Amino acid sequence: MNIGVPGLLKAHHATCLSITTASLRPHSALASELRSISNMETKTLAVDARNIGTVTATPLEHDVLDELDIQLDSQTIDAQRLQKAAAQLKTSDVPVAFPTETVYGLGADATRSAAVQGIYKAKQRPSDNPLIVHFASLNQLRSLLRGSSSQQSNGAHVNGTPEDPIPEIYRPLISRFWPGPLTIILPNPQNSSLAPEVTAGLQTFGARIPRHILALALIQLADVPVAAPSANASTKPSPTAAEHVAYDLEGRIETIIDGGPCDIGVESTVVDGLSIPPVLLRPGGLSLEQIRIVPGWEATEVAYKNKAETESQPRAPGMKYRHYSPKATVILYEAGRKPPTTDELLQHVGVHARVGIVQTELWTLDDSVSPPAIRKNPQKHPQGNTEYVQKVFGFAGMLLDVQAADRAKPATRKHTIDNDQVKEIITVDLGAKTGDIARGLFSALRDLDRQDVDAIFVEGIDDSESGTAAAIMNRLRKAAEIRVD
Ligand code: TXA
Ligand code: MG
């Protein structure tokens with residue numbers, strides 16, 4: 001069955017940000033270090049998915065993406081840019097940044113060691129942290145799993161068949177959630193074409209089919225599996241807009257495909273169905289509850305920690321945890337805690353500090369600090385007011401456009417305090433909706449960092465019902481140097 005609609009993308013209204021990277025230089029010490037290592041010209045190329053051509057998706061049995069076909073309209077600058085990026089992915093050892101529905105990825109040909117090493121170099125990521133491999137279709141994944149030998153190197157609970165090498169346990173899961181924010185752990189076949197750097201020595205690898213049309217098109221055009229971690233500098237918050245990538249990796253990569261802000265804003269959920277019972281390795285855009293309703297996944301256990309991992313504990317007193325961390329000290333108030341009083345602010349940051357506050361469900365400006373004297377310069381949030389449309393495949397014989405236009409933009413307000421205690425307070429209001437908080441969180445941390453605040457006080461949310469809230473609080477607890485329980 002072919003559910004493709006010729007001209008599909010013509011009906012898709014994606015809004016692309018046009019980015020000026022000149023003003024987005026990394027800060028001081030990091031900047032000079034980065035410049036000394038590398039100084040490539042980094043180009044941010046806006047690509048409007050409406051203009052790239054025709055994309056046809058073909059499911060065979062279930063509602064999953066078995067095959068993807070792309071007819072580029074090579075007259076358009078958008079198609080040309082995408083084609084060039086795909087060629088670069090395929091041939092260059094310098095990775096290419098591209099949008100996905102979760103966060104921006106930094107992609108390289110997963111079958112070439114030099115290309116994969118390029119990712120670790122650009123990000124300065126420790127090489128013992130394995131990468132997720134992105135595919136454009138199930139058939140592309142199946143062909144990798146078949147490898148050059150039908151034998152599997154991993155003895156653990158592997159029950160793929162010659163007809164379908166994807167283990168049985170995953171089939172109902174991926175038929176529901178792919179393409180989408182889900183990464184599954186698979187056995188790496190013997191004679192695998194994956195470069196060893198992808199798996200960091202493990203016998204398994206993480207696989208995902210993303211839902212973003214530009215990500216799918218890029219992978220399909222490159223015609224290689226694409227290893228891609230989040231496109232931030234290691235330890236920094238993940239990038240949810242092209243300008244975040246430019247800020248972190250300017251001079252270290254050549255191409256950033258700008259497809260506008262990411263729809264979800266936190267990374268994919270990582271699950272391992274090879275162990276019994278299945279486990280959730282990283283909370284993300286898909287919730288535990290959504291996974292547990294799938295046959296075979298009812299008993300899924302949580303196997304992630306909410307604190308920074310041991311190896312990332314400070315090596316010396318005063319060193320920050322190195323995860324999702326802006327430069328500023330993050331102070332996380334768990335859900336239900338009252339906002340900090342001026343005295344509490346001063347306790348944490350001392351006098352004359354610049355303070356950032358990220359508020360979510362309950363805090364309001366008025367009770368967060370007493371009293372903000374002068375209100376000035378409402379700040380425009382970089383993702384704000386941007387009408388954003390995400391193409392989602394609806395596989396019940398139709399394709400649907402999910403339009404997330406007019407998403408309430410996080411409001412940012414700056415207050416100069418007219419006493420000599422706290423110098424300035426910049427408040428970002430992410431709103432009370434979990435989806436909005438996920439979408440705006442990393443961007444808010446980055447914005448505040450760019451405004452050189454000394455500390456960021458964050459209002460945590462209730463994650464007892466899990467959902468995406470679990471992913472949000474997981475990232476915040478890792479980013480936070482201080483937690484107020
Ligand atoms: O949403 C996402 O997943 C984004 C976009 C770009 O797709 N990618 C991303 O990649 O977040 P990265 O590299 O930042 O995170 C990869 C995660 C890590 O938690 C890593 O430990 C886990 O996946 N992972 C990868 N391979 C694994 C394996 N073989 N076994 C267990 N965990 C694995
Ligand atoms: Mg990451």
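Quick caveat, the model's predicted, so the values are computed rather than measured. First listed ligand is number 1; within each ligand, the first listed atom is number 1.
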Using a cut-off of under 3.5 Å, which N/O atoms of ligand 1 pair up with protein N/O atoms, and what distance separates each pair?
from: ligand 1; atom 1: 1 (O); to: Thr102; atom 2: OG1; distance (Å): 2.7
from: ligand 1; atom 1: 1 (O); to: Ser268; atom 2: N; distance (Å): 2.7
from: ligand 1; atom 1: 3 (O); to: Ser268; atom 2: N; distance (Å): 3.4
from: ligand 1; atom 1: 3 (O); to: Ser268; atom 2: OG; distance (Å): 2.5
from: ligand 1; atom 1: 3 (O); to: Arg282; atom 2: NH2; distance (Å): 2.9
from: ligand 1; atom 1: 7 (O); to: His134; atom 2: NE2; distance (Å): 2.6
from: ligand 1; atom 1: 7 (O); to: Arg208; atom 2: NE; distance (Å): 3.1
from: ligand 1; atom 1: 7 (O); to: Arg208; atom 2: NH2; distance (Å): 3.2
from: ligand 1; atom 1: 11 (O); to: Arg282; atom 2: NH1; distance (Å): 3.1
from: ligand 1; atom 1: 11 (O); to: Arg282; atom 2: NH2; distance (Å): 3.2
from: ligand 1; atom 1: 13 (O); to: Arg125; atom 2: NH1; distance (Å): 3.1
from: ligand 1; atom 1: 13 (O); to: Arg125; atom 2: NH2; distance (Å): 3.0
from: ligand 1; atom 1: 14 (O); to: Ser230; atom 2: N; distance (Å): 3.4
from: ligand 1; atom 1: 14 (O); to: Ser230; atom 2: OG; distance (Å): 3.3
from: ligand 1; atom 1: 15 (O); to: Arg282; atom 2: NH1; distance (Å): 3.1
from: ligand 1; atom 1: 21 (O); to: Asn129; atom 2: OD1; distance (Å): 3.4
from: ligand 1; atom 1: 29 (N); to: Thr204; atom 2: O; distance (Å): 3.3
from: ligand 1; atom 1: 29 (N); to: Thr204; atom 2: OG1; distance (Å): 3.0

Can you tell if the side chain of [X] reaches within under 4.5 Å of the side chain of [Y], non-hydrogen atoms only?
X: Ile461; Y: Asp463; result: no
X: Leu138; Y: Trp178; result: yes
X: Leu218; Y: His212; result: no
X: Pro210; Y: Thr102; result: no
X: Val428; Y: Leu448; result: yes

Ion pair Arg81/Asp258, N-O distance below 4.0 Å = no

Any luck finding a side-chain donor-acceptor pair between Ser287 and Gln290 under 3.5 Å?
-> yes

For the pair Arg439 (side chain) and Gly265 (backbone), establish whether a donor and an acceptor sit closer than 3.5 Å, ignoring hydrogens and angles.
-> no

How are the rings of His134 and Phe98 set to each other: parallel, tilted or perpendicular (split at 30° and 60°)?
-> perpendicular

Taking the Mg ion (ligand 2) as the center, what protein N, O or S atoms are found at less than 2.8 Å?
-> Ser230 OG

